[in-house]
Amino acid sequence: MVNRFTAARSTMAMWRWGSPAIVTLAVMAALTALTADAAAKEARPKPPTEATAPRDAGEPIMAIVSIKTQQVTFYDADGWIMRAPVSTGTTGRETPAGVFAVLEKDKDHRSTMYDDAEMPNMQRITWNGIALHGGPLPGYAASHGCVRMPFGFAENLFDRTRIGMRVIISPDNAEPVEFSHPALLVPKAEAIAAAPARAEALSREAAEAAKTADEAKKAAATATRETASLSASLRKLEGLKTRAAAELAYADKALAAAKTDEAKARAEDLKQKAATKAAELGNQLDTAKADAKSKLDAAAVAKEAAKTAQTRKADTAKAASEAKLALEPVSIYISRATQKLYVRRPTHKPAPDGGGIVFDATIEVPVTIRNPERPIGTHVFTAVARNEAGLRWTAVTIDNGDNAKAALDRITIPQEVLDRIAPTALPRSSIVISDEPLSRETNYRTEFVAVLNNQPQGGFITRQPTADVLIAGDDVQGGDGFGFFNFQRDLAPQTGNTRRRGGQYYRPVQPGWWQD
C-alpha cells in the first residue's frame, strides 16, 4: 500500500520545483494514494455484529456457525432472521465441524467439566459437552469447544428454538440456497390429511389389543395354575391307587396262606376291603383324568390365545407407533463410508436415563451410491415449507466433494424406504449426505451427529465420548412399541485431523476467561 505521508512529502518537493504539470501529477498521485488506502480499508472484512432481519421472523429451522468468520446465523423458512458473532474452540480444543441438532435445553446450565462454570441459555448439540450458550466474546476463538454467543442474543433466542433444530458447523462460510431435485421426498396431500385420524384409530386399536392381551395373559396364567393343582391331585390319586393295589395283592397272598377258618375269614375280609378301596380310587382317578384333560385342553387354548393376543399387541403397537411417527418430521442420513441409509424421528418419549428424548431408529438399510470410491461431500437438504409441489427445499454444503445436485444424482434411495416415509414428509424433514460415518455421539437420544474428519476436533478429543448405549429398534418390541438394539457405530473413533486450518486465526484462551 502507498504511504500517504511519503506521497505528501514528494508533492511538496515538486511544488518547490515550480512546474504546474509536476504539481498536477503530484496532486493526482496523492489523491490516488488516498483512494487506494480507503479502498483497502473498505475491502477488509468487517467483524461480525448482531443483526436481525427487517421482517417478521418465523420459527428458527436451522443455525449455521462459521468457524472462519466466527459468526452464527439462524434461518427460518424464508431466509436468515438473526445473526451474531461467536467464539468457538481455541487451538487444541476446536469446535468440531459437522452436522448436529439441538438435543437438550437448559436456561441456567452449569458446566460439569469446567469448575461449575455458568453456561446460560445452553442448547446442547452433543452429549459430551458441545453446546451453544451465552458467554463473553473476546473477538476470536477462545472456548473449550462450545459455541459462545452474546449473552443477550442467547437469551432472546432460547425460547424460540425447539429440540431437534438443525445446527450446522462449517469450517468456512455456508448458507442455505433454494434447491429442487427428483430424489427429494415428495409427500402426498391425502396421506398427510389422513395421518392424524389414522394415528388416532391405530392408537385406539393398539390400546384395545394391549387390553385383550393382558386379559388373555391373566386367563392363561389362571388356567396354568389350575392345571398345576390338578396334576398334583392326579399324582396323589395315582399313589393311593398303587398303594390300594398293593394292599389287595397282600390280601390275596394272606388268603392263600390261611390254614384255619378263622385266618381265612380275616383274610377274606381284608381282601374285600382292599378291593373296594382300589375300585373307588380307580373310579376317582378316571374321573380326575377326564376332568384334567378338559382343563389341560382349555389351558392350552388359553395359552395359544395369549400368544396370539401378544403378537397382535406387538403388531398394533408397531403400526400405531409408525402412524404417530408419520406426524413428525423425518431425518435421513446417507453415509458413503458405511454405504447405509439411516432414518431418525423423534418419539417425544423422555430418555430412560434422563436428558433428552428417544429417537426412533427402526430404519437402517444398505443404500446404493454410484462410484462409492469417490468423495461426495457433506450436504444438508432441508424441507423448509410446503408448496404446490409438496415441499420447498434448501441445500447447504460444508465439505468438498460433489455439488449438491451431483451428490443426489449418485444416490438411489430404496423404494421401500420412500414408501414408508415420503407420503407424510413434513416441513423440517431433512436428508443429509456425507462421506463420514455417523459419529460415536449418535445414539438412541440423538438425531444425527456427523463430524468432518478433515477438520480439527480438539473439542471432542479432550472430552470423553458418550458410552455405547441401546437405541430404539423394532427387532425386540417393548411394551410401548419401541424396542432396543445395539447400534453399529464406526469402529474407530473420529479423532480427525488435528492440524491447524490454513487461514484461520486462533488465540489461546486467557486466564480468567469463560471455561466451556
Side-chain angles (χ1 to χ4, degrees), residues 48 51-53 55-84 86 88 95-105 121-126 130-133 146-147 149 153-154 156-180 184-185 328-334 344-346 359 377-387 391-399 404 407 425-434 442 446-452:
T52 302
R55 61 179 176 83
D56 292 335
E59 184 178 347
I61 291 177
M62 75 176 73
I64 301 180
V65 176
S66 169
I67 295 176
K68 179 179 181 180
T69 60
Q70 294 289 286
Q71 178 174 266
V72 62
T73 305
F74 289 81
Y75 296 85
D76 67 4
D78 297 314
W80 78 273
I81 52 174
M82 301 171 68
R83 60 169 53 109
V86 297
T88 60
T95 301
V99 181
F100 308 85
V102 173
L103 305 175
E104 184 185 41
K105 298 172 64 174
N121 299 293
M122 184 275 293
Q123 302 193 50
R124 183 187 301 278
I125 60 174
T126 77
I130 307 295
L132 313 177
H133 63 81
C146 285
V147 177
M149 302 180 292
F153 183 88
N156 293 335
L157 176 73
F158 187 82
D159 290 331
R160 300 182 61 179
T161 61
R162 67 164 76 176
I163 300 296
M165 183 192 73
R166 174 75 64 217
V167 178
I168 300 170
I169 300 179
S170 175
D172 300 304
N173 294 327
E175 61 180 359
V177 296
E178 292 286 331
F179 188 83
S180 62
L184 296 174
L185 305 178
E328 301 292 336
V330 62
S331 295
I332 298 173
Y333 187 87
I334 299 171
R344 292 284 188 281
R345 286 177 288 190
F359 282 81
T378 297
H379 314 273
V380 181
F381 305 93
T382 306
V384 295
R386 291 189 174 94
N387 64 9
L391 290 172
R392 178 162 59 86
W393 292 80
T394 64
V396 179
T397 297
I398 63 169
D399 194 22
L426 300 170
R428 291 181 173 272
S429 295
S430 62
I431 299 175
V432 181
I433 298 174
S434 181
T442 301
T446 66
E447 187 218 47
F448 296 120
V449 177
V451 179
L452 302 188

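Starting from 1, each residue takes its place in the sequence as its number.
- To the nearest 0.5 Å, atom CD1 of residue I163 and atom OG1 of residue T161 are 7.5 Å apart.
- Between the CD1 atom of I130 and the CG atom of L103 there is a distance of 11.5 Å, given to the nearest 0.5 Å.
- A 4.5 Å side-chain heavy-atom check between P96 and L452 finds every atom pair outside the cut-off.
- Looking only at distances, no side-chain donor or acceptor of E59 sits under 3.5 Å from a matching main-chain atom of D76.
- The distance from atom NE2 of H379 to atom CD1 of I398, rounded to the nearest 0.5 Å, is 9.5 Å.
- Proximity of a side-chain donor or acceptor of T442 to a complementary backbone N or O of V449 within less than 3.5 Å is detected.
- With rounding to the nearest 0.5 angstrom, the CG atom of L132 is 10.0 Å from the CE atom of M122.
- Residues I64 and P176 come closest through the heavy atom pair CD1-CD, 3.6 Å.
- Of all non-hydrogen atoms in P329 and R345, the two that sit nearest each other are O-CG, 3.7 Å.
- Contact record, V72 with A63: CG2-CB, 4.3 Å, taken as the closest heavy-atom pair.
- Checked against salt bridge (Lys or Arg N to Asp or Glu O under 4.0 Å), E175 has no partners two or more places apart in sequence or in another chain.
- In this view, S434 and Y333, T378, E436 satisfy the side chain to side chain contact (heavy atoms under 4.5 Å, CB included) rule, not counting sequence neighbours.
- Distance check: T397 OG1 to D172 CG gives 12.0 Å after rounding to the nearest 0.5 Å.
- With a 4.5 Å cut-off on side-chain heavy atoms, Q123 and V167 do not count as touching.
- A heavy-atom distance below 4.5 Å is not found between the side chains of R162 and V102.
- T88 places a side-chain heavy atom less than 4.5 Å from the side chain of V65.
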May I have the step-by-step check of side chain to side chain contact (heavy atoms under 4.5 Å, CB included) for F359 and F448, ending in yes or no? CA-CA 10 Å; F359 282 81; F448 296 120; over 6 Å; no

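- For the pair V330/L185, a side-chain contact is recorded, criterion being any heavy-atom separation below 4.5 Å from C-beta on.
- The closest side-chain donor-acceptor pair between S430 and T382, if any, does not fall under 3.5 angstrom.
- Legend: residues meeting side chain to side chain contact (heavy atoms under 4.5 Å, CB included) with N387, ordered by chain and number and at least two apart, are A389, R392.
- Nearest heavy-atom pair, E447 versus R166, reported as atom, atom and distance to 0.1 Å: OE1-NH1, 2.6 Å.
- Panel note: side chain S170, backbone S66; no donor-acceptor pair is recorded below 3.5 Å.
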R386 vs L426, side chain to side chain contact (heavy atoms under 4.5 Å, CB included): CA-CA, chis, key distance, verdict: CA-CA 8 Å; R386 291 189 174 94; L426 300 170; 3.3 Å; yes

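- Taking 4.5 Å as the limit, every side-chain heavy atom of V380 sits out of range of all side-chain heavy atoms of M62.
- Of all heavy-atom pairs spanning R160 and M82, the tightest one is NH1-SD, 3.3 Å.
- Between F74 and L157, the shortest heavy-atom distance links the atoms CZ-CD2, 3.0 Å.
- In this structure, CZ in R124 is found 14.0 Å from NZ in K105, a value given to the nearest 0.5 Å.
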Could you go through T446 and F100, starting from their C-alpha distance and side-chain angles, then the distance that decides it, and tell me whether this counts as side chain to side chain contact (heavy atoms under 4.5 Å, CB included)? CA-CA 9 Å; T446 66; F100 308 85; over 6 Å; no

Under the side chain to side chain contact (heavy atoms under 4.5 Å, CB included) criterion, do I125 and V147 qualify, and how do the steps go? CA-CA 10 Å; I125 60 174; V147 177; 5.6 Å; no

